[in-house]
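What follows is one structure encoded as structure tokens, with my remarks underneath.
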Amino acid sequence: MLTSITDGIMCCLTGKSANTVAPLENSEPGDGYEFVEVKPGRVLRVRHIVPDRGGFETSGEEEQKPGRGVVRCKRKITVYRNGQLVIENLGDVVRSEILHCQNGNTEASSTVEVELSDYNSSATEPKPSHGAEAQPPPAGERRRKRKPKRTVLIDCDRKISSCKGTHSDVALFFIHGVGGSLDIWGSQLDFFSRLGYGVIAPDLAGHGASTAPLIAAAYTFYALAEDMRVIFKRYARKRNILIGHSYGVSFCTFLAHEYPDQVHKVVMVNGGGPTALEPSLCSIFNLPTCVLHCLAPCLAWSFLKAGFARQGVKEKQLLKEGNAFNVSSFVLRAMMSGQYWPEGDEVYHAELTVPILLVHGMHDKFVPIEEDQRMAEILLIAFLKVIDEGSHMVMMECPETVNTLLHEFFLWEPDLPSEVPAAQDSPPSQDNK
């Protein structure tokens with residue numbers, strides 16, 4: 001603590017950061033680690049594990065049964081000038097029963113018209129059941145027909161197949177968030193590589209063993225997103241699954257939007273709501289770097305308290321082993337102030353047709369569950385799982401549960417009959433939107 005305060009005072013007096021902004025010393029290549037120069041002088045550490053399948057490689061398309069896994073993705077997204085968003089899902093029904101896990105509940109995407117606004121109480125009123133006659137509103141309450149500000153039409157067929165470890169055309173990408181490193185995915189990388197999956201996990205710039213430029217512009221969302229684009233294009237296979245945590249979810253969303261034919265499935269772990277990114281003007285991270293350096297021990301303790309459901313010796317060891325929240329004050333400040341992405345709004349997320357698994361730790365103090373519930377409402381094919389024992393770092397706290405849940409999602413493929421009985425057209429009545 002005293003060292004941090006002394007270094008912070010020297011930083012303020014000299015105008016130079018007291019932090020050593022450089023890669024970790026133990027960053028020698030080996031054990032699946034590679035160093036990729038995404039731009040001149042900008043090098044990211046990447047853990048790339050190519051499994052030895054022992055000659056049992058197959059293509060996923062060869063094993064898929066004819067007629068299975070093709071989902072009709074059709075929806076109409078309308079945005080009105082007052083900010084109201086109306087989504088009409090007109091495609092196939094993907095029911096909530098397709099995923100089973102003992103921890104957490106599943107919520108499937110709604111396939112009826114969804115009216116989403118913060119002020120319109122009619123959005124929460126019960127809708128008439130099938131066959132019931134809807135009563136017209138009183139004459140005094142009738143509204144003029146409004147002209148939409150923007151309309152987006154989506155109409156495509158998406159093939160969704162089971163992704164097994166023996167499939168040579170499958171790759172898993174793991175992307176961490178602010179203050180983390182690829183090491184936070186240690187349990188997942190080991191588990192899925194043992195199952196035969198090819199896994200790729202990069203350190204973001206300024207994190208882990210990646211280089212850390214001494215310029216704030218190097219840590220904007222767009223700069224980091226372009227880094228992830230380079231990594232994705234370098235290692236991508238035919239069917240790619242993106243797994244993101246916290247801020248890393250935004251990069252997964254960006255890649256899924258940019259490469260819809262290559263991104264097969266997405267997992268969002270405590271990623272928050274489908275809102276455009278904008279840095280807070282009243283955040284503690286707007287303080288000078290030297291002040292943040294003085295507060296580093298307090299910030300680390302706050303992260304431990306908010307990021308884990310328990311704050312014992314085990315959790316402290318997990319933080320140390322995962323190299324989490326071990327970044328310089330300069331990088332931390334630049335990362336937080338660089339989270340500006342106005343394009344990533346609700347409409348941007350609603351345009352995604354890729355199936356998405358949302359994983360939420362019930363005790364997460366950074367991301368309220370209401371944000372992930374909102375995300376599940378907006379997405380076309382989404383399943384929300386809540387892990388009661390987990391918090392923000394749920395993949396480190398409950399690795400077995402998370403690994404099982406992810407693996408089940410990787411193996412899942414929809415089985416949609418050509419004709420569905422009328423009695424089954426409506427979604428299940430359980431806590432669905």
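Residues: numbered from 1 along the sequence shown.
Enclosure of atom CD in Glu278 is not indicated, since only 12 or fewer non-hydrogen atoms of other residues, nucleotides or ligands lie within 6.0 angstrom. The neighbour count for Lys365 NZ, taken as heavy atoms of other residues, nucleotides or ligands under 6.0 Å away, is above 12. More than 12 heavy atoms of other shown residues, nucleotides or ligands fall within 6.0 angstrom of atom OH in Tyr222.
Among residues two or more places apart in sequence or in another chain, the side-chain hydrogen bond (donor to acceptor under 3.5 Å, both in side chains) test is passed with Arg310 by none.
Looking at heavy atoms from C-beta onward, Ile160 lies in side-chain contact with Trp412 at the 4.5 angstrom threshold. Considering only heavy atoms from C-beta on, Leu204 comes within 4.5 Å of Met228 through its side chain. With a 4.5 Å cut-off on side-chain heavy atoms, His207 and Met335 count as touching. No side-chain heavy atom of Leu44 sits under 4.5 Å from any side-chain heavy atom of Asp203. Looking at heavy atoms from C-beta onward, Asn240 lies in side-chain contact with Phe173 at the 4.5 angstrom threshold. Residues Val46 and Ile231 form a side-chain contact, since some pair of their non-hydrogen atoms from C-beta on lies under 4.5 Å apart. The closest side-chain heavy-atom distance from Ser193 to Pro51 is not below 4.5 Å. Two residues are said to be in side-chain contact when any heavy atoms from C-beta on lie closer than 4.5 Å; Tyr247 and Leu224 meet this criterion.
Checking side-chain atoms of Asp155 against main-chain N and O of Lys74 turns up no donor-acceptor pair under 3.5 Å. Proximity of a side-chain donor or acceptor of Asp157 to a complementary backbone N or O of Val70 within less than 3.5 Å is not detected. Proximity of a side-chain donor or acceptor of Glu37 to a complementary backbone N or O of Gly41 within less than 3.5 Å is detected. Here the side chain of Glu397 pairs a donor or acceptor atom with the backbone of Ala309 at under 3.5 angstrom. In this structure, the side chain of Gln188 engages the main chain of Met395 through a donor-acceptor pair within 3.5 Å. Between the side chain of Asn270 and the backbone N or O of Ser391, at least one donor-acceptor pair lies under 3.5 Å. Checking side-chain atoms of Arg45 against main-chain N and O of Ala201 turns up no donor-acceptor pair under 3.5 Å. A distance-only check finds a donor-acceptor pair linking the side chain of Asn403 to the backbone of Pro399 [under 3.5 Å]. The backbone N or O of Ala171 lies less than 3.5 Å from no partner atom in the side chain of Tyr235, so there is not a single donor-acceptor pair. Tyr219 places no side-chain N or O within donor-acceptor distance of the main-chain N or O of Phe330, the cut-off being under 3.5 Å.
Ring orientation note: the planes of Phe192 and Phe410 are tilted relative to one another, at an angle of 30° to 60°. Ring-plane geometry between Trp185 and Phe174 is classed as tilted, the angle between the planes lying from 30 to 60 degrees on a 0 to 90 degree scale.
The two residues Ser337 and Pro279 come nearest to each other via the heavy atoms O-CG, 3.5 Å. Taking all atoms of both residues into account, the shortest heavy-atom contact from Ala205 to Arg42 is CB-NH2, 3.6 Å. When all heavy atoms are compared, the tightest approach of Val266 to Cys252 is CG1-CB, 4.3 Å. Smallest separation of non-hydrogen atoms from Pro355 and Arg158: CD-NE, 3.9 Å. Between Glu413 and Ser162, the closest heavy-atom pair is OE1-N, 3.2 Å. Across all non-hydrogen atoms, the minimal contact from Gly180 to Ile184 is CA-CG2, 4.5 Å.
Of the charged side-chain nitrogens involved, at least one lies within less than 4.0 Å of a carboxylate oxygen, so that Asp190 and Arg47 count as a salt-bridged pair. Looking at Asp169 and Arg239, a side-chain N of the basic residue comes within less than 4.0 Å of a carboxylate O on the acidic one, giving a salt bridge. The pair Arg229-Glu226 meets the salt-bridge criterion, since a charged nitrogen lies less than 4.0 angstrom from a carboxylate oxygen.
The CE atom of Met268 sits 13.5 Å away from atom NE2 of His245, with the distance rounded to the nearest 0.5 Å. Taken from CD1 in Ile381 to CG in Leu379, the straight-line distance is 10.0 Å, to the nearest 0.5 Å. Within the model, atoms CG of Asp388 and NE2 of His360 stand 10.5 Å from one another, a figure rounded to the nearest 0.5 Å. Rounded to the nearest 0.5 angstrom, His257 NE2 and Tyr348 OH are separated by 5.0 Å. For the atom pair OG of Ser168 and CZ of Arg237, the computed distance is 6.0 Å after rounding to the nearest 0.5 Å. Taking CD1 of Ile154 as the reference point, atom CZ of Arg72 lies at 12.5 Å (rounded to 0.5 Å).
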Before giving the answer on salt bridge (charged side-chain N to carboxylate O under 4.0 Å, His left out), spell out for Glu351 and Arg75 the whole-Å C-alpha distance, their side-chain angles and the decisive distance to 0.1 Å. CA-CA 9 Å; Glu351 292 173 345; Arg75 71 184 341 194; over 6 Å; no
Yes or no on salt bridge (charged side-chain N to carboxylate O under 4.0 Å, His left out) for Arg374 and Glu377, after CA distance, side-chain angles and deciding distance? CA-CA 5 Å; Arg374 176 69 168 178; Glu377 290 178 344; 3.7 Å; yes
Go through the steps to decide whether Asn89 and Leu380 satisfy the test side-chain contact (heavy atoms from CB on, under 4.5 Å), and finish with yes or no. CA-CA 8 Å; Asn89 291 336; Leu380 178 59; 3.8 Å; yes
Walk me through whether Val359 and Val267 qualify under side-chain contact (heavy atoms from CB on, under 4.5 Å). CA-CA 7 Å; Val359 180; Val267 179; 4.2 Å; yes
Show your working on side-chain contact (heavy atoms from CB on, under 4.5 Å) between Ile200 and Leu172 and close with a plain yes or no. CA-CA 6 Å; Ile200 302 96; Leu172 311 182; over 6 Å; no
Full working for ring-ring contact (aromatic ring centres under 6.0 Å, His included) between Phe251 and Phe221: CA-CA 8 Å; Phe251 305 119; Phe221 170 82; 5.2 Å; yes
Give the intermediate values and the outcome of side-chain contact (heavy atoms from CB on, under 4.5 Å) for residues Leu332 and Val178. CA-CA 7 Å; Leu332 185 61; Val178 177; 3.7 Å; yes
For ring-ring contact (aromatic ring centres under 6.0 Å, His included), just list the numbers for Phe232 and Tyr259, CA-CA rounded to whole Å, side-chain angles, deciding distance to a tenth of an Å, and then say yes or no. CA-CA 10 Å; Phe232 180 77; Tyr259 304 98; 5.3 Å; yes
Going through the distances and angles, do His264 and Ser161 end up as a side-chain hydrogen bond (donor to acceptor under 3.5 Å, both in side chains)? CA-CA 8 Å; His264 200 67; Ser161 56; 3.2 Å; yes
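A cation-pi contact, defined as under 6.0 Å to the ring centre and within 45° of the axis, links Lys265 to Phe409.
Side-chain contact of His392 with Asp364: a donor-acceptor pair under 3.5 Å is present, judged by distance alone. Counted by atom type alone, Ser181 and His176 present zero donor-acceptor pairs between their side chains at under 3.5 Å.
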